[in-house]
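Written below as structure tokens is the structure these notes are about.
Along the sequence shown, the residues carry numbers beginning at 1. Order of appearance sets the numbers: ligands from 1, and atoms from 1 within every ligand. Everything numeric here is computed off the predicted structure, so don't read it as measured data.
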Amino acid sequence: MQTKAVLTEKEMPTHWYNIQADLPEPLPPLRHPATKEPTRLPPPLFPEALNEQEFSKERWIEIPEELQDIYRTWRPTLLHRAYRLEKTLDTPARIFFKYEGTSQAGSHKPNTAVAQAYYNKKEGVKRLATETGAGQWGSALAMGCTFFGLECKVYMVKASYYQKPYRRVLMETWGAQVIPSPSEETEIGRKILKDDPDCAGSLGIAISEAVEDAFARDDTRYSLGSVLNHVLLHQTVIGLEAMKQLEKLDVYPDIIVGCIGGGSNFAGTFLPFVKDKIEGRKPDLRIICVEPQACPTVTKGLYAWDYGDVAGMAPIALMYTLGHGFVPPPLHAGGLRYHGMAPIICHLHKLGFVEARAEYQIPVFEAAVKFARSEGIVAAPEAAHAIKVVIDEALKCRESGEKKDILLALSGHGHFDLAAYDEFLSGRLQDYEYPRELVEKALADLPKVD
Ligand SMILES: *Cc1c(COP(=O)(O)O)cnc(C)c1O
């Protein structure tokens, strides 16, 4: 019984896959936040190489050797067959999962963090500024910066800074400077603290502080952990590896399932496969994006032009959005609380190549515990959203007798999320309804673009 598909280091991808070469219709351009004209990423914030990748139409983009060496410190990741979960569910479906929780930071995020640190270093940047909520992105970037000798400044949402100290310690261990946001170190931070000294912070405020920091210093650039095309590009190492691993098992999936916050881990997994659907080789392939009911961007948002950030300083993208001013309820899958979604995912959804589903957090944790008790892995609450849908699909196969092959994108482990598991196990976890009024209010405030 084969449970793992192992790749050797020699079989690892040497190039990232760029979906922009194969889209049936090109992506709509980004718009400048002030002029509303088509724009690149703001050059003082991003290095040239990443700006080029953002708009490139080249199908294969080489992964520099030096970066491949860094990838080898945790890649290739394993692809497992979930025999024990299949047995628990008594399903004829075969379930495979690609597990990114074995990176040093415990998620897929280092795949882009090390790449971003590399390109910044190449262009003479000394220091990166970023924001983090619960600390997953901040810790990945802290590790990337330490590999390439860059300073790293992380604005961490104040509530998480005090409630979830372990990821802060992780970031500091990798040498990053972490500061609770709002802080006294930026103009926007000082302004917010003056009005509300006890402000607990939000991801939007932290983004604004990191952006201000990068604008203010010549040696500093800004770094974003999801949503943008170049981030999704870097994450395609996941799908390219998974495709080769499944080939070794003589499998092509019928259904691919992943969670979407900004869309990077799942796009990284399915983009190499969606090419086969676009080109008609696998017309029946189903790609299911899973989001929380409390932040249902694709299933309930508008397809509209909106700012990438709360302050309206980031470029405007055509995407599904709940409104840039929308602050979702404090659900435990902190990585799934973004108001917008990667334009690439939205575009593919609009064109009918991917579908989306929203799930409540209590059934999500039920699925996560079932997974832990069959496969042993305690999944990140974000990834558990995908587990929920995989289990549902496998149970449908039990009803119909169909032998489908399902691929689960398992983006990370939940070892820093045990307080959430504790709430669930002790019956204290609550569900959040879709906050319709908050969304309607936020959607009234979209920028006007012709
Ligand atoms: C950040 C995070 C996510 C959500 O981000 P995406 O860009 O949608 O992948 C999902 N899972 C884990 C484990 C994360 O850390």
For this session: Look at atom 8 (O) of ligand 1 and find which of A105, G261, G135 reaches it with the closest heavy atom.
Result: G261
Exercise. Numbering the atoms of ligand 1 from 1, which are under 4.0 Å from a heavy atom of S226?
Worked result: 6 (P), 7 (O)
Exercise. In terms of ring plane angle, is the pair Y307 and H324 parallel, tilted or perpendicular, where the classes change at 30° and 60°?
Worked result: perpendicular
Problem set entry | Salt-bridge present (R357, E291; N to O < 4.0 Å) | no
For this session: Identify the protein heavy atom lying closest to atom 14 (C) of ligand 1, giving its residue, its atom name and the separation to 0.1 Å.
Result: K109 NZ, 2.8 Å
Exercise. Which of the atoms of ligand 1 are close to I260, meaning less than 4.0 Å from one of its heavy atoms?
Worked result: 8 (O)
For this session: Would you kindly check if the NZ (Lys) or CZ (Arg) of R81 is within the cone defined by 45 degrees around the ring axis of Y83 and under 6.0 Å from the six-membered ring centre?
Result: yes
For this session: Output the list of atoms in ligand 1 that are nearer than 4.0 Å to some heavy atom of G263, sorted by atom number.
Result: 6 (P), 7 (O), 8 (O)
Exercise. Salt bridge check: are E247 and K244 linked by an N-O gap of less than 4.0 Å?
Worked result: no
Exercise. Does the pair K164/D417 count as a salt bridge with the N-to-O cut at 4.0 Å?
Worked result: no
Exercise. Where does A380 meet ligand 1, judged by heavy-atom distances below 4.0 Å: at the side chain, the backbone, both, or neither?
Worked result: side chain
Problem set entry | Check ion pair K370-E375 (N to O, under 4.0 angstrom) | no
Problem set entry | R337 with E382: basic N within carboxylate O range, under 4.0 Å | no
Exercise. Does any N or O atom in G262 lie less than 3.5 angstrom from one in ligand 1, N or O only?
Worked result: yes
Problem set entry | NZ/NE/NH1/NH2 to OD/OE distance under 4.0 Å, K396 and D392 | no
Seminar exercise, completed: Note: heavy atom closest to atom 4 (C) of ligand 1, options A134, G335, P381, belongs to G335
For this session: Using a 4.0 Å heavy-atom cut-off, say whether N265 meets ligand 1 through its side chain, its backbone, both or neither.
Result: both
Exercise. For ligand 1, is there an N or O atom under 3.5 Å from any N or O atom of G412?
Worked result: no
Exercise. Taking NZ, NE, NH1 and NH2 as the nitrogens, is one of them in K98 or E241 under 4.0 Å from a carboxylate oxygen of the other?
Worked result: yes
For this session: Give the atoms of ligand 1, by number and element, whose distance to some non-hydrogen atom of C259 is under 4.0 Å.
Result: 10 (C)
Problem set entry | Part of E100 within contact of ligand 1 (heavy atoms, under 4.0 Å) | neither
Exercise. So which heavy atom in the protein is nearest atom 13 (C) of ligand 1, and how far is it from that ligand atom?
Worked result: S411 OG, 3.3 Å
